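One structure is given here, and the rest of the page talks about it.
All of these numbers come straight from a predicted model, not from anything done at the bench.
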Amino acid sequence: MNIFALFETRVREALESLIRSGRLPEGLDLSRVLVEPPRDPSHGDLATNAALVLAKEAKQNPKALGEALAEELRGDPRVSEASVAGPGFINLRLAPEVFQEVIRAALKDGEAYGRAQMSGGPVNIEYVSANPTGPMHVGHGRGAVFGDALANLLAAAGRPVTREYYINDAGAQVDVLARSAFLRYREALGETIAIPEGLYPGDYLKPVGEKLAQAHGRALLDKPEAEWLPLVRRFAIDAMMDTIREDLAAIGIRHDVFFSEATLQGENGGKVAELLEALRAKGLVYEGHLPPPKGQLPDDWEDREQTLFRSTQFGDDVDRALLKSDGSYTYFASDIAYHRDKWLRGANELIDVLGADHGGYVKRMQAAVKAVSDGEARLDVKLCQLVRLLRAGEPVKMSKRAGEFITLREVIDEVGRDAIRFMMLYRKNDATLDFDLAKVVEQSKDNPVFYVQYGHARRFSVLRQAREALPGEDFSRGALLADADLSVLTDPGEIEMMRLVAQYPRVLESAAAAHEPHRIAFYLYETASSLHSFWNKGKDLPQLRIVNPTDRKSTRARLALVEALGGVLASGLAVLGVSAPDEMR
């Protein structure tokens, strides 16, 4: 039961009634009409912008139009008050029966409550895609958690989702990986080695060298680099991907597809060559010169004729090169071919989750996706800002294992999966995140993950208390749904909790539409806070205690409310990929 969708339909019906009566002209665009929570909860339960967005088109004063619409809505028995505020907003107060019906719907639907069926086709979300040259660091973890939660969110909103990882297993960086692993192979055979500048010095490659020695003995030492390099490269990439998969599993992240960059350039140029032919057939490739880059010219820049993609035709700032001076494909050409492949596999909405340093990538790839799909697919690029790792407010020193950074696995082992996932989502993705290892394990209101999980555990705590205080009573969800008299829930704290349960379907849908899972985390904290606040009031005011052995009616009604609210907490935590414990230890 989504009261916002319900009353959006009701407002449009009221507008259509005004049109039929001649008080509004025909042909108005009602698609802009929204029903939302008012900015100030004291103004009411719902607010609509209908009079504001239609006044100009209807050639009417927005306040006068608002009054006419409010009068129409006052005839609805579910509306206890309709008032016009400011320049023409209409605020609605709903009859208590509406919120009682919300609680019944939440009890009936359980954790399916609030799940939607959004319009739109299949979605492909590419996230993590860390180069397989070392273990994942904390920055990778933020994009990983964000992408996974976004996939959960869109799936909860009814969209078919493919979760994808792009393995960067082509290019110079994997040759550097292979040469670094080969040194560790020699070390495993007893040589004393020094890691030259430009190779990867981390200890994480020692096990790779040891496995190479176990698999090949000394045989690789007698081969020229041209023979051992491809073998060691494949071996090292596979070993690093195994480590990355293990780290992802430890944080509860999975992918449906692991796509190899190397497969793009197969025989006769593979999928990249196919892309160039497709773009040429559309007249989108030409030979020309690019203007020099702004600012100081790079040392390697040269003014030469190049094979270019007409990306400015699709909103980019400049056209883009598809071939390097040596005739090989540019990274951009490979990226276009990869995104074209995603679209050809059936996704009409593509989402890339990338680090903040990829800001220059957005326009060119959105242009490319528009071009290769003839406008059928759209690309949203979500940039995740840096993570500053702290301990009690002080920056954390570098990792012993990786040498240059703190590995994600080290943080998982110290604070656990739930703390990482929730706190990575408790800020918007494009805001820098301070992650304090000491704070995220505190058992206090200042630690959001603890506070929300404690709210869910309280759902079961009050049930245990009720069974002890009123033995023989049936407090199952079905029994509460059947006979709890919700009309006794009149305290402001109870009404606030009912309002929050009613808001969940809209929060879920709007977060999915905006690709912003942090909205779920914020909502869960607010909802858990309302339960904790009401619980604390009951300690001072016995008549507000959730479990009151002398008042069976209020006990059953409050348990029904807590069960509905707890179900919402469990549902939201599942979207974030965070556990919903029955008790806190």
Side-chain angles (χ1 to χ4, degrees), residues 41 99 102-103 106-107 109-114 149 152-153 156 415-427 439-467 475 477 480 489 491-508 511 517-541 544-547 555 557-585:
F99 291 105
V102 165
I103 300 306
L107 287 171
D109 295 344
E111 289 183 28
Y113 169 71
N152 293 342
L153 177 59
V415 303
R417 158 184 162 175
D418 287 345
I420 292 174
R421 289 193 68 118
F422 196 98
M423 295 310 297
M424 290 287 186
L425 297 165
Y426 201 59
R427 290 285 182 275
K439 290 286 185 185
V440 299
V441 294
E442 285 183 358
Q443 295 193 351
S444 73
K445 184 179 180 179
D446 295 330
N447 178 7
V449 62
F450 168 79
Y451 205 55
V452 173
Q453 288 182 315
Y454 187 37
H456 184 266
R458 183 152 270 168
R459 165 193 187 185
F460 289 89
S461 172
V462 296
L463 274 174
R464 287 191 290 269
Q465 289 179 29
R467 290 186 180 115
F475 295 117
R477 181 188 292 266
L480 294 172
L489 301 175
D491 181 80
E494 294 167 331
I495 293 167
E496 178 185 282
M497 285 191 284
M498 287 195 285
R499 278 179 170 171
L500 284 164
V501 173
Q503 286 177 17
Y504 182 61
R506 181 185 177 277
V507 171
L508 194 67
H518 72 274
R519 297 189 189 191
I520 303 294
F522 290 175
Y523 166 82
L524 291 177
Y525 186 82
E526 182 182 4
T527 302
S529 295
S530 72
L531 175 57
H532 293 313
S533 177
F534 187 76
W535 170 273
N536 289 330
K537 282 172 68 176
K539 289 194 293 187
D540 299 326
L541 302 170
L544 292 182
R545 286 175 186 163
I546 295 172
V547 178
T555 296
R558 286 170 184 156
L559 285 174
L561 175 56
V562 170
E563 179 63 20
L565 185 140
V568 162
L569 291 177
S571 176
L573 285 168
V575 168
L576 302 186
V578 176
S579 67
D582 295 356
E583 58 182 324
M584 303 295 283
R585 298 181 184 277

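- Looking at heavy atoms from C-beta onward, P581 lies out of side-chain contact with D418 at the 4.5 angstrom threshold.
- Across Y523 and L500, no two heavy atoms sit closer than the pair OH-O, 2.5 Å.
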For S579 and Q453: C-alpha separation, side-chain torsions, deciding distance, then whether side-chain hydrogen bond (donor to acceptor under 3.5 Å, both in side chains) applies. CA-CA 8 Å; S579 67; Q453 288 182 315; 3.3 Å; yes
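- Under the side chain to side chain donor-acceptor pair (under 3.5 Å) criterion, S529 pairs with no residue, sequence neighbours left out.
- Note: F460 CZ to E563 CD = 6.5 Å, rounded to the nearest 0.5 Å.
- Two residues are said to be in side-chain contact when any heavy atoms from C-beta on lie closer than 4.5 Å; L425 and V578 fail this criterion.
- With hydrogens and angles disregarded, no donor-acceptor distance shorter than 3.5 Å links the side chain of N152 to the backbone of L576.
- Listed by chain and residue number, nothing satisfies the salt bridge (charged side-chain N to carboxylate O under 4.0 Å, His left out) test with R417 (two or more places apart in sequence, or in another chain).
- Taking the six-membered ring for Trp and thresholds of 30 and 60 degrees, F522 and Y426 have ring planes more than 60 degrees apart, a perpendicular arrangement.
- Heavy atoms of other residues, nucleotides or ligands lying less than 6.0 angstrom from CZ of R459 number more than 12.
- Between Y454 and F450, the ring planes lie parallel to each other; the angle is under 30°, not in the 30° to 60° tilted range.
- A side-chain contact (heavy atoms from CB on, under 4.5 Å) with R558 is found for one member of L544, L480, V547, D491 and no other, namely L544.
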